[in-house]
Amino acid sequence: MSEQFIPEKYKVSISEGSVCWQAPSNIALIKYWGKKEIQIPRNPSLSFTLSACATRTSVHFSERKDRSSGYSIDFYFEGAKKEEFLPKIHTFFDRAEPYLPFLKSYHFEIRSENTFPHSSGIASSASSMAAMAICFVDIERQLLELPDEALDLKKASFIARLGSGSACRSLDGKIVEWGRHEDTPGSSDLYGISWELNAHEIFTSYHDTILLIDKGEKQVSSTVGHGLMEDHAYAEKRFNQAHDHLSQLQQAMSTGDLDQFVTLVELEALTLHAMMLTSKPSFILMKPNTLEVIRKLQSFRESSGLHPCFTLDAGANVHILYPENEREQVYQFIKNELVDYCENGGYICDMVGDGAKKISAVASKTLVK
Ligand code: PMV
């Protein structure tokens, strides 16, 4: 089925040009943890697309005279040349090249920067792979002589997935589902699909305040993390549970049932950590302050009757999710009661966003028919 992403013969040859895109991070509500082959998920997942936490990437491409040897890439991160990122980019190019056959024809200068602080403990692989993938799909659009509107977002998601699984949920739409799921027509293991139109409107303007509990602490790398599910005692049960949770969450999100949303989102976060706590070797990624924040949040929810809930990534930071109509009270509570548990009082105010945005395209230099 991946064959659908092999392009037809390119229509024009372009000697030089550049593109620039920004792609956001995303936060999973139903977690992807465990994979096979190249980022084929063992269970479906669903995420909120974020807006403030994003990566901006520009790609300048110029035709190569000698195409005989591998790829030709210079990579800069926040203005500095970074040779150490090249092996990862080469692996990504190897996986993407069958679907983007122009990758050996050009020299690429790739410049990338994040909108969130470097040492925040926030993983940037989703936003950075999504931004890079859409740049290359945009270059291909030009080689196919297609208008801007014809940019293939599904292919951008497919290519992003080859770099980092969850990156495929960072391209298009406020709520994105990835992974084949019996209750979702059109769902696929190969790319994310926007699920926004099925959701109650309360979920299209949700807030996510990210509490930076432990900035320096290394998260479990996703390669290690997904690997832990290989012979995990509870793996099969967990994969089946994710399918059921997704069906239940979709029901709650289409009707606007906030109580059920809170229950499922928190259960998914704790299940992700339960998988790490019970793997061989096992990982304890929550810190004492992670638990303090969770405890305080849950008692605030009970006493206030409001609906903030938490979710976690593979690390100690806590994402507090809440609807726009509860923003004032919940944000006050976060500032007064939770920020003290953050390292140096650090937190990031984010909210649901739309996906990747084109920043600019410099006209390509020569078009030869
Ligand atoms: O996309 P990866 O391989 O970095 O894995 C992401 C895993 C989690 O962030 C823990 C869960 C998810 O679905 O995003």
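The residues of the chain are indexed from 1 along the displayed sequence. For clarity, every value in this text was computed on a predicted model and none was experimentally measured. Numbering of ligands and ligand atoms starts at 1, following listing order.
Remark: Tyr76 pairs with no residue by the ring pair (Phe, Tyr, Trp, His ring centres under 6.0 Å) rule, at least two apart or across chains. For Lys357, there are no side-chain contact (heavy atoms from CB on, under 4.5 Å) partners two or more places apart in sequence or in a different chain.
Using a cut-off of 4.0 Å between Lys/Arg side-chain N and Asp/Glu carboxylate O, Lys280 and Glu230 are scored as not salt-bridged.
There is a side-chain donor-acceptor pair under 3.5 Å between Gln250 and Thr184.
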Without placing hydrogens or testing angles, list every side-chain donor-acceptor pair under 3.5 Å for residues 87-99, not counting sequence neighbours.
{"unit_1": "Thr91", "atom_1": "OG1", "unit_2": "Pro87", "atom_2": "O", "d": "3.0"}
{"unit_1": "Asp94", "atom_1": "OD1", "unit_2": "Tyr71", "atom_2": "OH", "d": "2.9"}
{"unit_1": "Arg95", "atom_1": "NH1", "unit_2": "Leu162", "atom_2": "O", "d": "2.8"}

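Counted within 6.0 Å of CD on Glu328, heavy atoms from surrounding residues, nucleotides or ligands total 12 or fewer; the atom is thus considered open.
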Quick check for students: name every N or O atom pair between ligand 1 and the protein closer than 3.5 Å, with distances.
{"unit_1": "ligand 1", "atom_1": "1 (O)", "unit_2": "Ser164", "atom_2": "OG", "d": "3.3"}
{"unit_1": "ligand 1", "atom_1": "1 (O)", "unit_2": "Ser166", "atom_2": "N", "d": "2.8"}
{"unit_1": "ligand 1", "atom_1": "1 (O)", "unit_2": "Ser166", "atom_2": "OG", "d": "2.6"}
{"unit_1": "ligand 1", "atom_1": "3 (O)", "unit_2": "Ser222", "atom_2": "OG", "d": "3.2"}
{"unit_1": "ligand 1", "atom_1": "3 (O)", "unit_2": "His226", "atom_2": "NE2", "d": "3.0"}
{"unit_1": "ligand 1", "atom_1": "4 (O)", "unit_2": "Ser222", "atom_2": "OG", "d": "3.0"}
{"unit_1": "ligand 1", "atom_1": "5 (O)", "unit_2": "His226", "atom_2": "NE2", "d": "3.1"}
{"unit_1": "ligand 1", "atom_1": "9 (O)", "unit_2": "Asp313", "atom_2": "OD1", "d": "3.4"}
{"unit_1": "ligand 1", "atom_1": "13 (O)", "unit_2": "Tyr32", "atom_2": "N", "d": "2.9"}
{"unit_1": "ligand 1", "atom_1": "13 (O)", "unit_2": "Arg169", "atom_2": "NH1", "d": "3.0"}
{"unit_1": "ligand 1", "atom_1": "13 (O)", "unit_2": "Arg169", "atom_2": "NH2", "d": "3.2"}
{"unit_1": "ligand 1", "atom_1": "14 (O)", "unit_2": "Arg169", "atom_2": "NH2", "d": "2.7"}

